Structure formats: structure tokens, C-alpha cells
2 protein chains.
Amino acid sequence: MVVDTKVADRRTRTQGRKPAGSAVVDDSPIARLCVENGLKMTGQRRVIAHVLSEADDHPDVEELYRRASAIDSRISVATVYRTVRLLEEKGILERRDFGGGRARYEASDSGHHYHLIDVDSGRVIEFEDDEPVRLLTQIAQRLGFDLVSHRIELFGHRLEKETPKRPLPKSRNKSDT
Amino acid sequence: MVVDTKVADRRTRTQGRKPAGSAVVDDSPIARLCVENGLKMTGQRRVIAHVLSEADDHPDVEELYRRASAIDSRISVATVYRTVRLLEEKGILERRDFGGGRARYEASDSGHHYHLIDVDSGRVIEFEDDEPVRLLTQIAQRLGFDLVSHRIELFGHRLEKETPKRPLPKSRNKSDT
DNA sequence: ATACGTGCAAAGTATTTGCCGTTAT
DNA sequence: ATAACGGCAAATACTTTGCACGTAT
């Protein structure tokens with residue numbers, strides 16, 4: 001239903017493709033988390049970790065594969081699938097479903113925020129707000145549950161009038177491309 | 001990840017299989033909506049509409065197919081897929097994703113409610129609350145959007161202590177078998 | 001050394017679709 | 001009459017996996 005705009009090569013600053021282990025991709029925050037979780041750091045994994053660390057949007061596997069391949073062409077989709085799965089299990093990544101059939105990923109450390117999907121453009125806008133968690137925790141409690149995680153997504157139309165240019169009160173926002 | 005418990009035959013009160021057009025499946029609320037939307041009422045469609053009207057849980061296509069087949073065996077999965085898709089486009093059904101790979105459906109008129117998924121049992125508990133909409137509408141507005149729809153799902157563990165037996169304040173709840 | 005990682009192609013799932021005979025309106 | 005519909009099997013789309021080889025620790 002809602003499909004996000006594809007933003008190929010957005011994060012790919014590297015011009016030529018470099019061999020794995022190259023300085024550009026060393027020691028990304030996510031690579032560090034991999035090591036901490038006892039994962040072996042192969043060339044492919046380092047590149048994927050780097051791509052994930054650089055991403056500030058919500059790429060799907062195909063997109064991650066594209067970005068990773070641009071850095072080191074000897075990476076297969078299968079490896080990307082295996083890696084995101086692994087990182088999700090380790091709690092390093094979070095899988096999202098914004099509709100459109102494919103899973104999309106973002107780093108777990110990307111802070112507590114929610115997503116607002118512009119139904120017209122498919123764009124994903126992130127925002128922060130503490131109220132929802134509070135409210136939902138309370139609701140879960142009333143139902144006799146201990147909230148372990150939750151999902152909140154808003155779908156809306158951009159209001160043409162009052163287009164907000166400056167940061168909104170209580171909300172830091174950041175949109176995909 | 002979270003997979004709902006399969007509840008086959010739960011809604012299947014009919015003992016033997018009846019031919020399409022049988023009285024049991026005539027004039028279900030959803031069948032009526034189909035007519036209002038200018039859809040042709042074939043035997044299969046009537047049965048599927050009936051099954052959907054009776055369901056008070058969130059069946060996936062396979063489950064719908066099972067229930068519908070029990071009433072009239074000459075229905076194929078393809079038809080179920082085509083029907084739910086059509087009904088979703090008409091706004092009669094809503095598609096849900098509770099994890100586990102398959103889409104699940106519920107009638108749009110089933111009232112405003114949310115879902116809490118018991119991560120241990122996979123059970124889905126419905127609850128009502130006005131707060132979330134208010135809060136989210138407000139948030140969307142701050143971001144310069146007009147909220148057209150939203151998604152809220154809670155995932156939690158049942159609190160063993162204080163197991164609530166009676167209806168909870170401000171919440172009508174109803175769980176998938 | 002050896003358990004873990006990877007590429008490749010084949011296998012799975014869930015869902016859609018082409019073809020063509022059937023049916024509601 | 002005729003546009004929709006439905007069955008079937010083949011086709012898609014996304015994701016997982018078996019196998020044989022490579023590599024980080």
C-alpha cells in the first residue's frame with residue numbers, strides 16, 4: 001500500500017569500489033557493536049555495518065545491498081539478508097514494516113522516535129515524543145501486561161497551509177530523502 | 001516473530017457443507033456492504049462475506065479459506081485472496097500485520113480499537129481507548145499533517161500477579177481464542 | 001584448527017495473475 | 001448480453017537454506 005520513495009545511492013559517497021577492510025568502512029558504530037556481540041568481522045560484514053551506520057533512513061535489503069555493493073562489489077544479497085537477520089537477533093537493528101511488502105531496517109540506537117508516513121509522497125518523517133510511551137505503558141498495565149515493545153505509525157496528508165519551516169515544538173523531525 | 005495461535009474451525013458452526021446461496025450465509029452485514037459497493041454476489045463471495053462477518057478475531061487468508069471451505073468446499077484460495085483484496089480496496093476490510101509473515105483481516109466497522117499482542121502466547125487482545133487518537137492527531141498536526149489513519153500495536157508479557165478477571169476500567173477487551 | 005561466514009543456486013512462503021470457462025445483473 | 005467472477009496452475013516477490021569453500025579468531 002504505502003511504498004517509500006526509493007533513495008538509491010544516497011549514502012554512497014565513495015566513488016570507486018574498494019576492497020574490504022579499507023579505511024573508509026573501518027570501525028563504524030555498528031561494526032563495534034558486532035564485535036561486542038562476538039561476531040566475526042569479515043570484509044562483507046564490515047561494509048554492511050558501515051552502510052547501516054551511515055544510513056539515516058529506513059533502507060530495505062535491496063537498498064542495503066545496492067549501497068554495500070557500491071563499496072565492495074563482492075557481496076551477495078544472501079549475505080545482506082543473513083546479516084540483517086543476525087543483527088536484528090542481536091538487538092542491533094530493528095525491522096520495520098511500512099507496507100509495501102519488504103522489511104526495512106534501522107539501527108536500534110537511533111533513539112526513541114516514531115514514524116509518520118506521508119500518504120501522498122510515501123515519505124517517512126521521524127518524530128520524537130514521550131507521551132505515546134507513557135500512555136501506552138499505562139494502557140498495557142491496565143490490561144494486565146508489561147509492555148515490552150510497541151509500534152506506532154501515523155499516516156497523513158501534508159497540510160498545504162501553514163507549512164512548518166522551523167523545528168516544531170516538542171518534535172525533532174527528519175524525513176527520508 | 002510473533003505468530004498468533006491458529007484457531008481453526010472456531011467460527012464454523014455449520015455441520016455439513018451447504019451449497020452456496022444457502023440461508024445460513026445470506027445477508028450477512030458484509031454481504032450487504034458488498035452489494036452497496038456494486039459487487040456481484042456469487043456463492044463464494046457470499047460465503048466469504050459471511051465468514052468475515054462472523055469472525056471476531058483476525059484471521060489470515062489461510063484461516064478464512066479453511067472456514068469458508070467448511071461451509072462450501074468449492075472455493076479456492078485464489079478467490080479468498082482476490083476477495084480480501086477487493087474488500088480492502090472498497091474499505092470494507094482492514095489488513096493487519098502482526099508479524100509472522102501473513103496478512104490478517106478484520107472488518108472495518110469493527111469499531112475503533114487497538115491490539116495488544118501477548119508475546120508469550122501470540123494471542124491478540126483488543127482494547128478501546130480514546131486517548132491515543134487524540135494524542136496522535138495532535139502530534140500529526142504539529143508536524144503539519146492531517147492524520148488519515150494510524151497504527152498502534154502493543155507487545156507485552158502477561159503480568160502473572162494481579163491477573164484481571166473482571167472488565168478493566170476504560171477498556172473493553174476481547175482476545176483471539 | 002575450527003567454528004563461523006559467504007556465494008551461488010535451489011527451495012520456501014505468501015500472494016498475484018493469465019487463461020478460459022461460468023455467472024450475476 | 002456482457003462485464004465480473006472463479007478455478008487452476010504457473011508466475012512473482014521476498015526471504016531462507018544446503019552445500020562446498022573461504023577466513024577470522
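No experiment lies behind these values; they were computed from the predicted model shown. By convention in this document, chain letters (A, B, ...) are assigned in the order of the sequence lines, proteins followed by strands, and residues within each chain are numbered from 1.
B/Leu64 places its CG atom 14 Å from the C1' atom of C/dA14, with the value rounded to the nearest Å. To the nearest angstrom, P of D/dC8 lies 11 Å from CD of B/Gln44. As a whole-Å value, the separation of A/Arg96 CZ from D/dC14 P is 20 Å. Per the geometry, OH belonging to A/Tyr65 stands 14 Å off P belonging to C/dT6, to the nearest Å.
Of the residues A/Arg151, A/His150, A/Glu153, the one that meets the side-chain hydrogen bond (donor to acceptor under 3.5 Å, both in side chains) test with A/Tyr114 is A/His150.
A salt bridge links A/Arg142 to B/Asp129: one of the charged nitrogens lies within less than 4.0 Å of a carboxylate oxygen. No salt bridge links B/Arg95 with A/Asp97; every basic N to acidic carboxylate O contact stays at or beyond 4.0 Å. Remark: A/Arg32 does not engage A/Glu36 in a salt bridge, criterion side-chain N to carboxylate O under 4.0 Å. With salt bridges taken as basic N to acidic carboxylate O contacts below 4.0 Å, none links A/Glu106 and A/Arg104.
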Stepwise salt bridge (charged side-chain N to carboxylate O under 4.0 Å, His left out) check, B/Arg66 with B/Glu63: CA-CA 5 Å; B/Arg66 218 189 324 272; B/Glu63 178 58 25; 3.0 Å; yes

Protein proximity profile, nucleotides 15-25 of chain C - base contact B, sugar-phosphate-only contact S, no contact -, cut-off 4.0 Å on heavy atoms: BBBB-----BS

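Note on A/Arg45: a side-chain N or O is less than 4.0 Å away from OP1 or OP2 of C/dT6.
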